[in-house]
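Contents: one structure, followed by commentary.
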Amino acid sequence: MTTSTVHAVQELAAFLRTRRERLDPYDFDLPSRRRTRRTPGLRREEVAELAGVSTDYIVRLEQGRGLRPSADVVEALARALRLAPHERAYLFDLTRQRPRIADEPATTAAQPLTRLVTDLSPLPAMLMNHRYDILAWNGEMAGLLLDFGTLPPAQRNAMWLCLMHPEIREFYVDRERVVREGVAHLRAAWATHPEDQALADLIAEFITRDEEFARLWAERDITVSGRGHKAIRHPAAGEIALHFEVLMPIQDPDQRLVIYRGADDKSRAALDRLCAR
């Protein structure tokens, strides 16, 4: 996927095609004569039959010919393609059938959330928007990662740092998984905020400048993790295993509160030493 094709119609076509091709015909109650095929996945006519639409309709959708399916058709396609919940939400976003978020994207931290980030000390915490722009952080997060205040505002972006910053690039033990999760988040955010030109420009920059991002973006994974585990290599404290939690405030749905905790005794002790410094 190139910078010129970050477009919802083409993405809908590609998404439907890749999801159809990954299905195993043997998982469906098809006549045995229809199970032998040269190409992977279900045929278009089989998806059409499962979804209750015409084969021509599926063809036109997969060719990106500008159709806008109704909510009922989107739901039928999601069932026919056996989409996971996050994939179903992504499909609804691509077809503009999910209610849009009316508020402007957050570019500054809400004051109550800024205070909360500070109050979460000694746990490392930071606040981001859907673009991964870092809006607020506490001293513990600065000690764990870096002091974001020393960076130009354009570089205070978690994905930019992971891809472009020379120190942060080597920070994560399982870097590909961290990048993969970040790419999935940005793809889901792009579908939810199609009007956000700054986000589209950011994605285009990443695709152009980073081969790994471009490869993972083309895989169209939109599995977003709200909690999980990361391991980092800290220059002063060594390897630290972390649990992370991502919370979305109801009052400020475009802002995401990220909290880290040590995953084991050794890592908690390392965090305590960093806090003491």
Side-chain angles (χ1 to χ4, degrees), residues 1-19 60-75 77-78 83 85-110 113 127-136 152-160 163 181-210 213-214 216-224 226 246-258:
M1 194 170 188
T2 66
T3 57
S4 63
T5 58
V6 182
H7 187 279
V9 173
Q10 273 104 32
E11 174 59 18
L12 174 62
F15 185 71
L16 291 174
R17 187 168 56 253
T18 57
R19 268 41 187 181
R60 289 159 67 196
L61 280 176
E62 289 194 3
Q63 290 177 346
R65 289 161 63 181
L67 297 179
R68 183 177 176 181
S70 67
D72 288 342
V73 170
V74 174
E75 185 61 51
L77 288 170
L83 299 184
H86 60 275
E87 294 174 320
R88 177 183 175 277
Y90 185 64
L91 181 62
F92 269 82
D93 282 334
L94 287 177
T95 55
R96 307 295 179 259
Q97 293 297 349
R98 199 156 70 158
R100 310 253 49 99
I101 296 175
D103 295 337
E104 289 293 315
T107 56
T108 58
L113 294 178
L127 194 68
M128 301 190 297
N129 63 11
H130 68 272
R131 300 178 196 138
Y132 271 169
D133 293 334
I134 301 167
L135 308 179
Q155 295 181 12
R156 292 177 201 160
N157 178 279
M159 198 69 198
W160 190 95
L163 296 174
E181 290 175 352
V183 172
H185 166 85
L186 287 182
R187 179 173 281 284
W190 168 75
T192 307
H193 300 269
E195 75 296 333
D196 187 350
Q197 189 58 46
L199 175 61
D201 292 343
L202 189 68
I203 292 169
E205 177 189 358
F206 292 157
I207 291 173
T208 302
R209 295 183 60 185
D210 191 271
F213 184 97
L216 293 172
W217 181 266
E219 291 182 8
R220 293 182 168 79
D221 181 17
I222 36 86
T223 306
V224 178
V246 182
L247 307 177
M248 295 178 61
I250 294 175
Q251 193 77 7
D252 300 284
D254 191 51
Q255 304 194 26
R256 288 139 176 81
L257 179 63
V258 182

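Only this structure's heavy atoms are used, side chains among them; waters, hydrogens and symmetry mates stay out.
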Determine the minimum heavy-atom distance between [X] and [Y], stating which atoms define it.
X    : Y    : answer
R88  : L83  : N-CB, 4.0 Å
G182 : M159 : CA-SD, 3.8 Å
A191 : Y90  : CB-CE1, 3.4 Å
A13  : G64  : CB-N, 3.6 Å
L113 : D252 : CD1-OD2, 3.9 Å

Donor-acceptor contact below 3.5 Å, side chain [X] vs main chain [Y]:
X    : Y    : value
R220 : W217 : no
R209 : I207 : no
R17  : E62  : yes
H130 : H185 : no
N157 : W160 : yes
Q97  : P69  : yes

In Å, rounded to the nearest 0.5 Å, how long is the span from [atom1] of [X] to [atom2] of [Y]?
X    : Y    : atom1 : atom2 : value
E11  : L94  : CD    : CG    : 5.5 Å
I203 : F213 : CD1   : CZ    : 6.0 Å
D133 : R256 : CG    : CZ    : 11.0 Å
Q255 : L247 : CD    : CG    : 13.0 Å
L67  : R60  : CG    : CZ    : 4.5 Å
D221 : L216 : CG    : CG    : 8.5 Å

Close side-chain approach of L186 to F206, heavy-atom, < 4.5 Å: yes
pair L77-T95: side-chain heavy atoms closer than 4.5 Å: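 No. Closest side-chain heavy atoms not under 4.5 Å.
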Partner of R131 under side-chain hydrogen bond (donor to acceptor under 3.5 Å, both in side chains), chosen from D196, T107, D254: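 Of D196, T107, D254, side-chain hydrogen bond (donor to acceptor under 3.5 Å, both in side chains) with R131 is met by D196 alone.
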